[in-house]
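On a predicted model such as this, the values are computed, not experimentally measured, just so you know.
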Amino acid sequence: MKLHWSSSSWALAALPLLVAAFAAAWIVMPGQPAWAGYAVVLVIAYFLGSMPWGYLLLQWRRGVDIREYGSGRTGMANVLRTGGGKVAALVLLLDVSKGILAVFLAGVVIGQGVPEVAAGLMALVGHNWPVFLGFRGGRGIATGAGALSVLNPYAAAVAVSAFAATTLVSRYVSLGSIVGVIAACASLVALYLLGQTFSIYTLYGFLGGAIIIWQHRDNIQRIRDGSERRLGSPATKAN
């Protein structure tokens, strides 16, 4: 198989190694002030989120710029329509890992609570508005779910279950995503009232959920007018 990968794509693929080296160097440096820890972790979280795995893998496998197909987004749903199930599964795994790594790094370097939430939100912002692709990326479901799985695995499990059930029944990935966000927020509120999670983690659910639903505003309009693409529909060349 011939590999299609530009020099810019190679540079992007090497970035996680640089980020990991920077993070490791920071962690072993003692006596750093709290504000410096936030500055480093949030910048790393944003760049982790900005890694456009959907774009990179489609470039590598097929020499295709995913931004020219379907919705123009770089997330799993558009990759599924453009590149097939195997590459979409890999993109899903990598996008989820961005949220997990950002929250984990914040917890290790700074501590639990606010730092974790801030890092999770920055990874989500990076995924949706990546500096490497002109600030146009995905919609945030996978990265947001990855961060939530560290903050509260129970809420993440509820969200994933609601997403899967809604998507299977409706065949709309976008509708499943929106229902998953609502389920995550509802479960976080319930868990907080039961004393099973922190209020700041509940705030993450609502802030992150608002960002994700905002990114689905065009999908919501297409669902209303009946033109939304269903699961399994191939992507067409964007105009």
Side-chain angles (χ1 to χ4, degrees), residues 9 12-13 16 48-62 64-103 120 123-130 132-133 135-150 156-184 208-209 211-220 222-223 228-238:
S9 297
L12 281 176
L48 279 173
S50 289
M51 286 301 302
W53 290 117
Y55 170 81
L56 287 173
L57 290 174
L58 263 294
Q59 279 278 319
W60 174 53
R61 291 287 296 273
R62 297 190 176 186
V64 168
D65 187 339
I66 192 174
R67 297 170 297 175
E68 298 177 356
Y69 290 84
S71 65
R73 300 287 182 171
T74 60
M76 180 274 295
N78 202 33
V79 172
L80 178 62
R81 296 187 180 98
T82 307
K86 290 182 179 179
V87 67
L90 182 55
V91 169
L92 176 62
L93 177 63
L94 290 169
D95 283 349
V96 167
S97 72
K98 296 192 295 189
I100 292 173
L101 289 172
V103 175
L124 182 59
V125 168
H127 177 80
N128 290 347
W129 298 281
F132 307 117
L133 295 181
F135 301 100
R136 184 172 185 187
R139 302 188 194 276
I141 277 291
T143 300
L148 182 61
S149 69
V150 181
V158 170
V160 170
S161 299
F163 164 81
T166 304
T167 301
L168 287 173
V169 171
S170 69
R171 309 296 291 176
Y172 289 132
V173 175
S174 54
L175 182 60
S177 300
I178 293 166
V179 172
V181 165
I182 294 171
I211 291 171
I212 291 169
I213 290 177
W214 171 257
Q215 289 293 88
H216 282 84
R217 61 194 183 280
D218 54 330
N219 302 90
I220 294 170
R222 286 196 296 268
I223 290 173
E228 176 70 338
R229 293 173 290 269
R230 292 184 183 271
L231 184 65
S233 300
T236 56
K237 188 91 171 182

**Prompt:** Under the salt bridge (Lys or Arg N to Asp or Glu O under 4.0 Å) test, which residues partner Arg222, sequence neighbours left out?
**Reply:** Asp218, Glu228

**Request:** Kindly state each residue pair satisfying side chain to side chain donor-acceptor pair (under 3.5 Å) with at least one member in residues 158-170, sequence neighbours excluded.
**Result:** none

Please tabulate, for side-chain N and O atoms in residues 89-97, each donor-acceptor pair with protein atoms closer than 3.5 Å (sequence neighbours left out).
from: Asp95; atom 1: OD1; to: Lys98; atom 2: NZ; distance (Å): 3.4
from: Ser97; atom 1: OG; to: Leu94; atom 2: O; distance (Å): 2.6

**Message:** Run the side chain to side chain contact (heavy atoms under 4.5 Å, CB included) test against Ala77 and tell me which residues pass, sequence neighbours left out.
**Reply:** Arg81, Val173

**Item:** Interatomic distance, Leu56 atom CG to Phe132 atom CZ [nearest 0.5 angstrom]
**Value:** 9.5 Å

**Asked** Just how far is it from atom CG of Leu57 to atom OG1 of Thr82, taken to the nearest 0.5 Å?
**Response** 12.5 Å

**Message:** I need the minimum non-hydrogen distance between Ala184 and Leu148, along with the two atoms involved.
**Reply:** CB-CD2, 3.9 Å

**Closest heavy-atom pair and its distance - Ala183, Ala159** = CB-CA, 4.5 Å

**Prompt:** For Ile212, which residues count as a side chain to side chain contact (heavy atoms under 4.5 Å, CB included) partner, sequence neighbours excluded?
**Reply:** Leu124, Ile141, Val181, His216

**Message:** Distance check, rounded to the nearest 0.5 Å: Arg139 atom CZ versus Met76 atom CE?
**Reply:** 12.0 Å

**Residue list, side chain to side chain contact (heavy atoms under 4.5 Å, CB included) with Ile182, at least two apart or on another chain** = Ile178

**Asked** What pair of heavy atoms forms the shortest contact from Asn128 to Gly138, and how long is it?
**Response** OD1-O, 3.2 Å

**Message:** Using every non-hydrogen atom in the two residues, find where Gly54 and Val79 come nearest and quote the distance to one decimal.
**Reply:** CA-CG2, 3.8 Å

**side chain to side chain contact (heavy atoms under 4.5 Å, CB included) against Ala123, all qualifying residues, sequence neighbours excluded** = Ala102, Thr143

**Message:** Distance check, rounded to the nearest 0.5 Å: Phe163 atom CZ versus Leu175 atom CG?
**Reply:** 10.0 Å

**Item:** Atom of Ser149, atom of Ile100 and distance for their closest heavy-atom approach
**Value:** OG-CG1, 3.7 Å

**Message:** Is any side-chain heavy atom of Arg136 closer than 4.5 Å to one of Trp129?
**Reply:** no

**Item:** Atom pair CG (Asn219) and CD1 (Ile213), whose distance is rounded to the nearest 0.5 Å
**Value:** 11.5 Å

**Asked** Of all heavy-atom pairs between Arg230 and Tyr172, which one has the smallest distance, and what is that distance?
**Response** NH2-OH, 3.2 Å

**Item:** Residue pair Gln59 / Val64, side-chain heavy-atom distance below 4.5 Å
**Value:** no

